[in-house]
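Take a look at the structure below.
We're numbering straight along the sequence, starting at 1.
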Amino acid sequence: MEASSALVAFGRTDQAVEEIAVNAVMAMLPRVPGVRATTSRGDERRMVITAAAGDDAEAIVGHNIDLSPSSAARLIRGEPITARDVPPEERSANTSAAKLGDLYSAPLLVHGKLTGLLMVTSDGRLPHAFEESFHTLTSHVALALEAVATAEELRRSEERFRSLVQNASDIITVVDLEGTIVYESPSVHRILGYDYEGLVGTPILDMMHPDDKQASITFFLEAAKTGEVTAPVRWRVRHADGSWRYVETIYKNLADDPNVGGMLLTTRDVTDRKDLEDQLAHRAFHDALTGLPNRSLFTDRVSHALARRVREPGRIAVLFLDVDDFKTVNDSLGHAAGDELLVAVAKRIDECLRGGDTAARLGGDEFAILLEDVIDPGEAAGVADRVLEALRPPFDVDGKRTFVYASIGIAQSAGTPGERAEELLRNADVAMYIAKRRGKGGHEFFEPDMHLAALQRLELKAELEQALERDEFVIHYQPAVDLASGKITAVEALVRWNHATRGLVPPLDFIPLAEETGLIVPIGGWVLREACRQAREWQLAHRSDTPLSVGVNLSGRQLQDSSVVGEVKAALEASQLPPSSLILEITETVLLQDAEAAAATLSELKKLGVQLAIDDFGTGYSSLGYLDRFPVDIVKIAKPFIDGVAHGPDESAVAAAMITLGGTLGLKTVAEGIEDADQLAELRALACDQGQGFYLARPVAAGDVSALLAAGELPASA
């Protein structure tokens with residue numbers, strides 16, 4: 001019994017228990033020859049002797065004991081095995097049992113599982129009374145081993161818990177009901193940089209951001225009323241380095257739990273997630289290219305500004321800005337250069353505004369500006385002028401100087417309830433299109449009647465898209481005469497839209513719209529083919545030493561189109577018109593938008609044998625010396641420079657200089673917009689080559705041109 005007590009009191013490890021057990025067995029036995037006491041550990045298939053006492057004790061430690069299925073079954077049931085229970089065949093097969101005189105073996109069951117044997121063997125017979133004491137000792141050994149196993153399991157569990165807490169990605173904190181930290185997990189050092197022991201005894205509010213303290217107190221008090229786990233709440237807490245970190249915390253009131261005795265807080269650092277959320281939110285409401293607010297954020301800010309204006313004095317204004325001819329930059333320099341230009345434009349716009357104003361990119365080349373607290377409409381006009389002036393200096397894009405012009409529409413709020421941001425933005429958009437139609441590079445205020453005009457324009461656009469399919473376009477031709485002889489030498493093809501219900505639509509009403517939508521490309525292609533066909537027909541019907549030429553306007557969109565050279569070649573081949581009889585007219589402003597690309601395309605066209613003319617020369621403010629970059633043959637002097645001819649030397653000086661320098665450069669000069677006989681006479685005196693204008697002949701239908709060609713010359717030109 002003393003040995004049994006020792007097993008319970010001192011059984012710190014399996015080995016200590018087993019050594020006490022075998023010694024206790026030996027102390028219980030009288031002197032019997034060859035007696036041995038052993039403990040074995042293993043499972044129901046094989047045991048290994050781990051401790052021994054008695055004869056040859058050291059020699060047998062480590063020997064195997066193989067259990068038969070029947071023996072294992074008895075041991076698992078807790079039944080001992082004696083020598084008489086071992087069959088002869090097992091004795092002969094098992095070296096450990098072969099020489100037995102007597103044997104008593106009892107199972108060691110730990111948590112109901114066979115884990116070992118306590119066994120006594122001898123060369124002689126064991127006392128019968130020994131069995132009862134041995135059985136009692138075996139039970140105490142099993143209990144001691146079970147205690148050791150339980151203690152080990154508890155130790156491992158504690159170590160596992162300690163490791164999990166110390167290496168957790170979350171901070172585990174316990175605070176008392178006064179908000180004082182009573183426990184802090186070591187993970188706080190890794191996450192927030194604090195010594196966890198140093199935080200114990202400090203108020204948790206000391207770590208909170210000042211703006212979050214009141215909300216955290218309120219939440220803490222509410223959480224203390226319930227034993228449920230709260231939903232995560234987000235705070236800012238101070239890092240040991242002084243920075244603020246965003247964390248999410250869940251609470252559970254465990255004040256009644258004696259193992260905790262307070263509020264359990266589990267805290268996770270979510271700063272990186274918060275930064276990502278902020279980035280995603282910024283991307284959702286800002287333009288990725290320029291960094292300006294996008295349409296969604298701009299509309300929201302206009303809505304809030306309108307709501308405030310109902311309660312406060314002042315009005316708001318929205319400016320809608322569109323970069324004129326931006327597609328030309330994209331098509332000629334590439335989209336990367338176009339993006340670079342948009343970024344630079346956005347920067348200049350933003351620099352023109354006050355701190356409380358908002359600039360946004362709505363998409364493409366469209367920008368918007370929100371002005372608040374506008375008392376006088378002149379303030380909005382002043383901002384528009386500043387923006388246009390800021391855009392006037394050239395931009396350096398991809399190493400090239402690029403000029404940018406813009407059109408701005410302005411819409412002001414009425415300051416009445418019910419106004420909508422979308423409506424204000426739409427009104428500014430409408431006003432912008434009016435500004436664009438009135439010459440670009442300016443601004444216009446929205447007027448109510450503009451909305452009707454915008455609807456009509458939208459309807460006109462839809463009809464324009466179907467006009468080619470319906471064969472509604474016709475060409476009128478305006479003759480040009482040789483000023484020396486008065487003979488008709490060329491006609492200019494001018495497209496007209498013969499609308500089914502509107503009649504002839506003025507060119508200014510649909511040509512800009514066709515340019516804007518890109519429809520000018522298919523329309524221009526049709527004009528080219530039809531004019532070449534008609535000119536060849538006239539040449540065959542009215543033969544002359546100087547075959548009639550036909551001039552066809554080439555728009556900026558067409559000049560940028562990669563298929564333009566092929567289209568011109570195909571039109572010449574289909575009509576059999578001699579290439580030298582086709583004059584392709586390009587406005588000076590189109591050439592100046594991207595001089596290098598234009599020069600390359602014009603060179604390819606020139607190889608076809610056509611003539612090239614610069615239309616409206618002088619309106620682009622370039623010099624005649626600039627023309628040596630382009631393979632042009634003809635300069636058509638713009639009407640404003642012809643208007644002053646015959647009104648005195650000063651008024652005629654510019655036209656005279658153009659005619660003289662044109663001749664010096666080997667270019668044919670054509671005067672546009674001749675409106676009276678005095679102008680005609682003066683131009684002849686200045687040795688201008690050709691003339692064109694209402695005084696000589698207005699544009700006429702193809703059928704009327706035949707009669708003029710038959711006459712040979714125009715009456716006014718004689």
Side-chain angles (χ1 to χ4, degrees), residues 475-494 527-528 530-554 568 571-572 575-586 606 608-617 632-639 642 645 655 658-659 662-663 665-675 677 679-718:
I475 301 177
H476 286 186
Y477 297 88
Q478 185 172 23
V481 301
D482 179 83
L483 293 185
S485 65
K487 292 184 177 182
I488 300 174
T489 56
V491 291
E492 181 181 357
L494 303 170
V527 172
L528 174 67
E530 178 61 19
C532 288
R533 183 200 64 77
Q534 183 64 75
R536 183 55 179 165
E537 183 179 305
W538 285 327
Q539 285 182 346
L540 295 175
H542 305 280
R543 296 185 181 275
S544 171
D545 294 338
T546 306
L548 181 73
S549 296
V550 61
V552 176
N553 291 286
L554 205 60
V568 172
L572 291 171
S575 64
Q576 298 298 304
L577 182 71
S580 60
S581 297
L582 175 61
I583 304 170
L584 295 177
E585 302 186 10
I586 305 99
K606 188 63 182 171
L608 298 178
V610 301
Q611 297 187 73
L612 299 177
I614 294 184
D615 196 14
D616 290 330
F617 183 77
V632 298
D633 306 285
I634 302 169
V635 173
K636 300 185 73 172
I637 303 171
K639 183 179 182 302
I642 303 302
V645 171
M658 289 182 178
I659 294 168
L665 293 173
L667 303 176
K668 186 183 295 184
T669 53
V670 179
E672 294 187 290
I674 300 174
E675 294 187 347
Q679 290 177 343
L680 178 61
E682 183 65 19
L683 289 167
R684 280 175 169 161
L686 293 172
C688 184
D689 297 309
Q690 293 182 345
Q692 190 178 11
F694 283 2
Y695 177 72
L696 298 172
R698 290 177 175 271
V700 295
D704 296 329
V705 174
S706 295
L708 296 176
L709 292 175
E713 61 181 37
L714 298 173
S717 66

Checklist entry - Does the pair Leu667 and Val632 meet the rule for a side-chain contact (heavy atoms from CB on, under 4.5 Å), with working shown? => result CA-CA 8 Å; Leu667 303 176; Val632 298; 4.0 Å; yes

Next on the checklist: Let's go through Val705 and Val700 carefully: what are the C-alpha distance in whole Å and the side-chain angles of both, what is the deciding distance for side-chain contact (heavy atoms from CB on, under 4.5 Å) to 0.1 Å, and is it a yes or a no?
Outcome noted: CA-CA 7 Å; Val705 174; Val700 295; 3.7 Å; yes

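- Ion pair Lys639/Asp616 not flagged as a salt bridge, since none of the NZ, NE, NH1 or NH2 atoms sits closer than 4.0 Å to an Asp/Glu carboxylate oxygen.
- Tyr695 and Glu675 get closest at one heavy-atom pair: CB-C, 3.4 Å.
- The shortest heavy-atom contact between Pro578 and Arg536 is CD-NH1, 4.0 Å.
- Side-chain atoms of Pro699 and Phe694, non-hydrogen and from C-beta on, do get closer than 4.5 Å to each other.
- Using a 4.5 Å heavy-atom threshold, the side chains of His542 and Ser706 count as touching.
- Taking the side chain as every heavy atom from C-beta outward, Pro479 and Gln692 never approach each other to under 4.5 Å.
- Using a distance-only test at 3.5 Å, with no hydrogens or angles considered, no donor-acceptor pair links the side chain of Ser581 to the main chain of Leu577.
- Counting all heavy atoms, side chain and backbone alike, Leu582 lies closest to Leu528 at CD2-CD1, 4.1 Å.
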Next on the checklist: Does Arg533 form a side-chain contact (heavy atoms from CB on, under 4.5 Å) with Gln576? I'd like the steps, not just the answer.
Outcome noted: CA-CA 8 Å; Arg533 183 200 64 77; Gln576 298 298 304; over 6 Å; no

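- No donor-acceptor contact under 3.5 angstrom links the side chains of Ser580 and Gln611, judged on distance only.
- A donor-acceptor pair is defined here as one N or O able to donate and one able to accept, closer than 3.5 Å; such a pair exists between the side chain of Gln539 and the backbone of Leu548.
- Between Ser485 and Asp482, the closest side-chain pair of non-hydrogen atoms falls below 4.5 Å.
- In this model, a donor atom of one side chain and an acceptor atom of the other lie less than 3.5 Å apart for Thr489 and Gln690.
- The heavy-atom pair separating Ile674 from Gly691 by the smallest distance is CD1-CA, 3.7 Å.
- Judged by distance alone, the side chain of Asp633 and the main-chain N or O of Leu612 form a donor-acceptor pair under 3.5 Å.
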Next on the checklist: Please determine whether side-chain contact (heavy atoms from CB on, under 4.5 Å) holds for the pair Ile634 and Lys636, giving the CA-CA distance in whole Å, both sets of side-chain angles, and the decisive distance to 0.1 Å.
Outcome noted: CA-CA 6 Å; Ile634 302 169; Lys636 300 185 73 172; 4.2 Å; yes

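- Looking at every heavy atom in both residues, Ala493 comes nearest to Val550 through CB-CG2, 4.4 Å.
- Looking at every heavy atom in both residues, Asp615 comes nearest to Glu672 through OD1-OE2, 2.7 Å.
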